[in-house]
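Positions are given from 1 along the sequence. No hydrogens, no waters, no symmetry mates; every other heavy atom, side chains included, goes into these values. Since the model is a prediction, treat every value here as computed from it, not as a measurement.
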Amino acid sequence: MRMRKKPGTDEKLSVKGELLIKKPEVFKGRWHKAFSNDMPVHLELGCGKGQFVTGLAARYPNLNFVAVEIKGEVILQAIERAEAQGLSNIRFIHGNIRELDTWFAPDEVSHLYLNFSDPWPKGRHDKRRLTHHRFLKSYSKILSADGWVHVKTDNRDLFEFTLNQCFDLNLKLRNLSLDLHGILPRGKFERSAPEGIITTEYEDRFTRLGMPIHYVEISLKSLK
């Protein structure tokens, strides 16, 4: 379902402070300036309402997090969530991920997260999937050699597509799971994420419904 644009969203975003980076290209190659420290930068593409990235930021105060979201109403909620928690190690970008190479310099990102990305189920739309090989090659430019792309999805077709793209590119994979939360055996659903796993809003919803979450970590080192 497409979220309707709420009146006043643009005005509310325009007065947000340092958490919203209005000109991310200014920090290309110098994101340490945005955070006033030299800690590693982790990047989430499509942060939604911010449950996942704020959870990471709260757990790992010694890391910096940049979250990208194209929907104004949604990123506003994410920013407000971070503000409510008093988190200073997150910055948000309201924009399109196709501009990544204008925002980040080579090797500037330590880890990259793709959580429940749009599966674009029609075959003719496969190039829009965020794990299409052209996107993976784009990520390889900004991701450090020892970094990983973390992928979560409930969509089996998208997951299989992702794995096939990785195999075609001969990429290294680790921690692959077709049922991250272990809810499937014998049909007895746990209906909650295992302790220690930081979840998204979608993830909580799907898990309550007994739907398996697929997960994999991808190295792009061989594309460099």
### Task
State which residues pass ring-ring contact (aromatic ring centres under 6.0 Å, His included) with Phe116; sequence neighbours excluded, sorted by chain then number.
Phe206
### Query
Taking the inter-plane angle between the rings of His150 and His111 on a 0 to 90° scale, is it parallel (under 30°), tilted (30 to 60°) or perpendicular (over 60°)?
tilted
#### Entry: Heavy-atom side-chain proximity of Tyr139 to Ile97 below 4.5 angstrom
yes
### Query
Would you say Phe104 and Leu223 are hydrophobically clustered, going by side-chain heavy atoms of ILVMFWY under 4.5 Å?
yes
### Query
When Asp107 is tested against each of Lys224, Lys141, Lys221 for salt bridge (charged side-chain N to carboxylate O under 4.0 Å, His left out), which residue passes?
Lys224
### Task
Looking only at non-hydrogen atoms, find the nearest pair between Asn155 and Pro119 and report the distance.
ND2-CB, 3.5 Å
### Query
How would you list, by chain and number, every residue that makes a side chain to side chain contact (heavy atoms under 4.5 Å, CB included) with Arg134, sequence neighbours excluded?
Arg98, Lys127, His132
### Message
Quick check: is Trp148 connected to Phe159 through a chain of hydrophobic side chains (ILVMFWY, heavy atoms under 4.5 Å apart)?
### Response
no
### Co-members of Phe161 in a cluster of I, L, V, M, F, W and Y side chains, linked at under 4.5 Å
Leu158
### Message
Give me each pair satisfying salt bridge (Lys or Arg N to Asp or Glu O under 4.0 Å) with a member in residues 162-174, each pair once, sequence neighbours excluded.
### Response
Arg174-Glu217
### Task
Answer whether the closest heavy-atom distance between the side chains of Leu45 and Leu43 falls below 4.5 Å.
yes
### Cluster overlap Val216 with Leu178, hydrophobic side-chain contacts below 4.5 Å
yes
### Task
Measure the shortest side-chain to side-chain distance between Lys22 and His94 over non-hydrogen atoms and say whether it is less than 4.5 angstrom.
no
### Query
Does CG belonging to Asn175 count more than 12 external heavy atoms closer than 6.0 Å?
yes
### Query
When clusters are formed by joining ILVMFWY residues with side-chain heavy atoms under 4.5 Å apart, either directly or through shared neighbours, do Leu220 and Leu169 land in the same one?
yes
### Task
Examine Tyr60 and Phe92 and state if one hydrophobic cluster contains both, with Ile, Leu, Val, Met, Phe, Trp and Tyr joined whenever side-chain heavy atoms are less than 4.5 Å apart.
yes
### Query
Do Val66 and Trp103 come within less than 4.5 Å of each other through their side chains, counting heavy atoms only?
no
### Task
Provide the full list of salt bridge (Lys or Arg N to Asp or Glu O under 4.0 Å) pairs with a residue in residues 79-89, sequence neighbours left out, each pair given once.
Lys16-Glu83, Arg81-Glu201
### Task
Check whether any side-chain heavy atom of Ile218 sits under 4.5 Å from a side-chain heavy atom of Thr162, and report yes or no.
yes
### Summary
Here the salt bridge (Lys or Arg N to Asp or Glu O under 4.0 Å) pairs for residues 149-164, sequence neighbours left out, are Lys152-Glu203, Arg156-Glu160
